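Right, one structure below, let's go through it.
What's counted below: heavy atoms across the whole structure, side chains too, no hydrogens, waters or symmetry copies. Just so you know, these numbers come straight off a predicted model, no measurement behind them. Labels below follow one simple rule: chain letters A, B, ... track the order of the sequence lines, proteins then strands, and each chain is numbered from 1.
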Amino acid sequence: AQKITQTQPGMFVQEKEAVTLDCTYDTSDPSYGLFWYKQPSSGEMIFLIYQGSYDQQNATEGRYSLNFQKARKSANLVISASQLGDSAMYFCAMRGDSGGSNYKLTFGKGTLLTVNP
Amino acid sequence: DAGITQSPRYKITETGRQVTLMCHQTWSHSYMFWYRQDLGHGLRLIYYSAAADITDKGEVPDGYVVSRSKTENFPLTLESATRSQTSVYFCASSEWSTLSGELFFGEGSRLTVL
């Protein structure tokens with residue numbers, strides 16, 4: 001079984017500054033994948049970034065990067081140069097390589113990010 | 001339009017009534033999922049399916065029934081709605097079972113049980 005923990009219910013950041021959203025995970029699977037999704041106030045779920053457990057480099061997608069520390073079981077999302085449109089709920093999720101049900105994603109409780117002008 | 005659509009988007013019902021939330025995807029993705037989103041709980045998996053006629057229980061399946069007679073449809077039924085089932089329900093699909101296969105979500109169905 002997988003578990004995702006997001007310890008920050010809410011975060012505030014000034015526009016143009018960087019912000020880190022924390023995510024720790026727990027799994028006994030030898031390989032796994034980590035995801036971040038964004039949910040703006042309109043409600044849709046938007047995929048942001050993916051990191052595989054055996055990837056040698058941290059994933060990056062534009063202003064998003066994933067600070068993956070395997071030994072610490074953390075997969076923090078870093079947003080550089082925050083914009084007002086980054087205000088949203090952010091979810092960390094993972095998928096483990098555990099037999100026949102390895103296609104489901106387990107989500108954390110989310111972090112609500114507010115970008116201040 | 002191609003994609004994944006949910007209906008209805010908003011539904012108000014009464015305790016004890018049966019409610020069915022529809023989910024339709026046009027990508028022919030093999031894998032489909034139902035999650036519910038509640039404040040303080042994030043997204044929790046209700047049921048998922050790997051193919052037509054193959055379904056599995058997720059984390060919170062009690063009170064829900066699913067079927068998948070066709071690849072493109074994955075309806076979720078609340079047989080006797082309870083107030084605790086007031087939530088936002090998301091349907092999602094995925095093409096591959098690989099670790100990196102992202103989920104594509106519908107717009108969500110907001111259900112209120114009075």
Go through B:G42, B:S100, B:G40 and name the one with the most non-hydrogen pairs under 4.5 angstrom from chain A.
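Sorted descending by pairs with chain A, the first entry is B:S100.
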For the candidates B:E102, B:R110, B:E107, which exhibits the highest count of non-hydrogen atom pairs separated by less than 4.5 Å from chain A?
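Result: the option with the highest number of such pairs is B:E102.
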Please check if the number of heavy atoms outside [X] that lie under 6.0 Å from its [atom1] is greater than 12.
| X | atom1 | result |
| --- | --- | --- |
| A:L84 | CG | yes |
| A:I46 | CD1 | yes |
| A:K109 | NZ | no |

Using heavy-atom distances under 4.5 Å, tell me whether A:Q51 contacts chain B through its side chain, its backbone, both, or neither.
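The answer is neither part of A:Q51.
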Which of these, A:F47, A:Y90, A:Y64, sits in a ring-ring contact (aromatic ring centres under 6.0 Å, His included) with A:Y37?
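Among A:F47, A:Y90, A:Y64, the one meeting ring-ring contact (aromatic ring centres under 6.0 Å, His included) with A:Y37 is A:F47.
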Within the 6.0 Å centroid threshold, strictly below: B:Y47 and B:Y64:
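No, the ring centres sit 6.0 Å or more apart.
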Top residue by heavy-atom pair count (under 4.5 Å) with chain B, among A:Q39, A:Q6, A:E44?
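Option with the top pair count is A:Q39.
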So which of A:Y32, A:Y50, A:F91 has the largest heavy-atom pair count under 4.5 angstrom toward chain B?
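Highest number of pairs under 4.5 Å: A:Y50.
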Between atom SG of A:C92 and atom CG of A:L34, what is the distance when rounded to the nearest 0.5 Å?
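Nearest 0.5 Å value for the SG-CG distance: 6.0 Å.
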Between B:L76 and B:C23, is any pair of side-chain heavy atoms under 4.5 Å apart?
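They are not in contact (no side-chain heavy atoms under 4.5 Å apart), so the answer is no.
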Given that the side chain runs from C-beta out, which part of [X] has a heavy atom under 4.5 Å from chain A: side chain, backbone, both or neither?
| X | result |
| --- | --- |
| B:A92 | neither |
| B:L103 | both |
| B:Q37 | side chain |
| B:S30 | neither |

